[in-house]
Amino acid sequence: MAEAIVQTALLAVDIGGTSVKTALWRNNGLFCKQHFDTPATWSELLTKLDAVKDESTAAQGARVTGIAVSLPGSVDTVTGTITGTSAVHYLNAFPVRQSMADYFRLPVSLQNDANCAALAESWLGNASDVASTVLMIVGTGIGGAIVNNQQLVTSHDNFAGEFGYMEMTAEGDTLSELASPVKMAQHYGQATQQPEITGREVFERADKGDAQAQRYVNRLYHWLSVAAYNLIVGLNPDRLLIGGGLSAREAVIAEIRHRVSAMQERHSAQTIQTEIEPCKYLNDANLIGAVRQFEQAQDVAH
């Protein structure tokens, strides 16, 4: 009787401030996608990932040969540590890659979450057909990444693409404070005494004619468009991709295009041909990009 063929797979992991997403990558696709609340400690995270790995491989009849990790913060892919500040406190200044590799006895790769989104888009997504791309990821804050000739541009502090830190006003407001849907909802909630409202609900109210909601949505559009214009004239990529849950709304991309075009006209920069498009991948982008980082790291190692 012939033995069953066991397929190999990568365990893709996306560690976020509130949740952790996982999936098995095999046959150029994601399988057994799961998520769980971000554990309070590193040891709890390892234990949970171990259980997920066992469960997923049993379900798929696969053997994991490596772990590809996306996580927040300025990631040094050489040392396998986070050199800046991460939204998950126990990852800061900690040998994340070595500790995980020792625990699982498998090769592990790390990459910043926004950079992973960029890798996913330049590999298989809406930037696969161009040489240079800038991503602006709109979420709780504003993240981003720069890709040139299919390679990430991370710079010497691993900080390139952290557009949310850009100071936008004379009062010192940053892009993350001005253009995050989460912040927009907080400001609207404070103004209307509805502290539990979400960004999606503010957009829905604006669509229905709520003047107060429209004012806050317009403010968000303004600052996202200013940032997009500045990135286009400053970096002149072939394509600017907008990511995050917000990018799933077609009206958002259309509005940013319209406003950026008006700015280009106003400042005699209308000859610039950078395209503005949404990202192809939303919730799966970081997982796919983590896989791409793992493959590139293995190519370098060999």
Side-chain angles (χ1 to χ4, degrees), residues 9-60 62 64-73 75 77 80 82 86-91 96-97 99-101 103-104 106-121 123-125 135 137-145 181-182 198-200 241 243-248 278-295 297:
L10 293 178
L11 177 64
V13 180
D14 177 24
I15 303 172
T18 57
S19 68
V20 176
K21 299 173 187 172
T22 66
L24 288 186
W25 175 267
R26 63 179 183 84
N27 299 331
N28 294 319
L30 295 171
F31 297 85
C32 290
K33 291 191 284 188
Q34 301 183 47
H35 65 90
F36 54 87
D37 292 343
T38 303
T41 67
W42 176 247
S43 61
E44 290 176 66
L45 175 61
L46 290 178
T47 301
K48 183 66 178 178
L49 288 176
D50 202 10
V52 167
K53 170 178 161 292
D54 289 346
E55 178 185 335
S56 299
T57 52
Q60 290 291 309
V64 169
T65 57
I67 302 176
V69 182
S70 161
L71 67 175
V75 178
T77 58
I82 294 177
S86 169
V88 183
H89 67 88
Y90 52 78
L91 300 178
V96 176
R97 186 178 63 200
S99 176
M100 189 174 284
Y103 182 90
F104 288 101
L106 290 169
V108 175
S109 68
L110 303 183
Q111 185 54 270
N112 165 267
D113 46 13
N115 285 344
C116 282
L119 287 171
E121 293 296 326
W123 181 29
L124 300 171
L135 278 82
I137 310 297
V138 184
T140 305
I142 310 296
V182 173
T198 66
R200 175 177 292 183
L241 295 184
L246 191 73
S247 65
C279 287
K280 177 179 180 178
Y281 299 107
L282 297 173
N283 291 332
D284 292 341
N286 295 355
L287 294 171
I288 295 171
V291 169
R292 183 58 169 170
Q293 174 66 35
F294 184 94
E295 293 184 348

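Reckoned from all heavy atoms, side chains included, excluding hydrogens, waters and symmetry mates.
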TODO: Nearest 0.5 Å please: distance from the CG atom of L287 over to the CG atom of L10.
DONE: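 Nearest 0.5 Å value for the CG-CG distance: 11.5 Å.
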
- [ ] Measure the spacing between OG1 of T38 and CD of E44 and express it to the nearest 0.5 Å.
- [x]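 Here the rounded value is 11.0 Å.
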
Shortest non-hydrogen contact from [X] toward [Y]:
X    : Y    : result
A23  : L30  : CB-CD2, 3.9 Å
G243 : C279 : CA-SG, 3.6 Å
I82  : G73  : CG2-CA, 4.1 Å
A120 : A285 : CB-O, 3.4 Å
V138 : P181 : CG1-CD, 3.5 Å
F294 : A68  : CB-CB, 3.8 Å

Open item on the list: List the residues meeting salt bridge (Lys or Arg N to Asp or Glu O under 4.0 Å) with K48, not counting sequence neighbours, and say none if there are none.
Closed with: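 Not a single residue meets the salt bridge (Lys or Arg N to Asp or Glu O under 4.0 Å) criterion with K48.
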
Under the side-chain hydrogen bond (donor to acceptor under 3.5 Å, both in side chains) test, residues paired with [X] that sit two or more places apart:
X    : result
T47  : none
N27  : Q7
Q111 : N115, Q293
Y90  : none

By side chain to side chain contact (heavy atoms under 4.5 Å, CB included) - contacts of [X] (at least two apart):
X    : value
F31  : R26, Q60
L124 : W25, Y281, I288
S99  : W42, L46, F94
L282 : S247, A248

TODO: Examine distances only and state if a side-chain atom of R292 and a backbone atom of A118 form a donor-acceptor pair shorter than 3.5 Å.
DONE: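 No; zero donor-acceptor contacts below 3.5 Å.
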
Open item on the list: If we ignore hydrogens and angles and just use 3.5 Å, is the side chain of T57 paired with the main-chain N or O of D54 as donor and acceptor?
Closed with: yes

Quick one: are [X] and [Y] in side-chain contact, heavy atoms under 4.5 Å?
X    : Y    : result
K53  : L106 : yes
L24  : L11  : yes
I142 : I137 : no
L49  : Y103 : no

Show the atom names and distances, to 0.1 Å, of all donor-acceptor pairs under 3.5 Å that link a side chain in residues 13-21 to residues at least two apart or in another chain.
{"unit_1": "D14", "atom_1": "OD1", "unit_2": "S70", "atom_2": "OG", "d": "3.1"}
{"unit_1": "D14", "atom_1": "OD1", "unit_2": "N286", "atom_2": "ND2", "d": "3.4"}
{"unit_1": "D14", "atom_1": "OD2", "unit_2": "N286", "atom_2": "ND2", "d": "3.2"}

Task: Any pair counted as salt bridge (charged side-chain N to carboxylate O under 4.0 Å, His left out), so long as it reaches residues 278-291, sequence neighbours left out - done: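 Counting only pairs at least two positions apart or across chains, the salt bridge (charged side-chain N to carboxylate O under 4.0 Å, His left out) contacts touching residues 278-291 are K33-D284.
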
Task: Stepwise side-chain contact (heavy atoms from CB on, under 4.5 Å) test for F104 and V64 - done: CA-CA 10 Å; F104 288 101; V64 169; over 6 Å; no

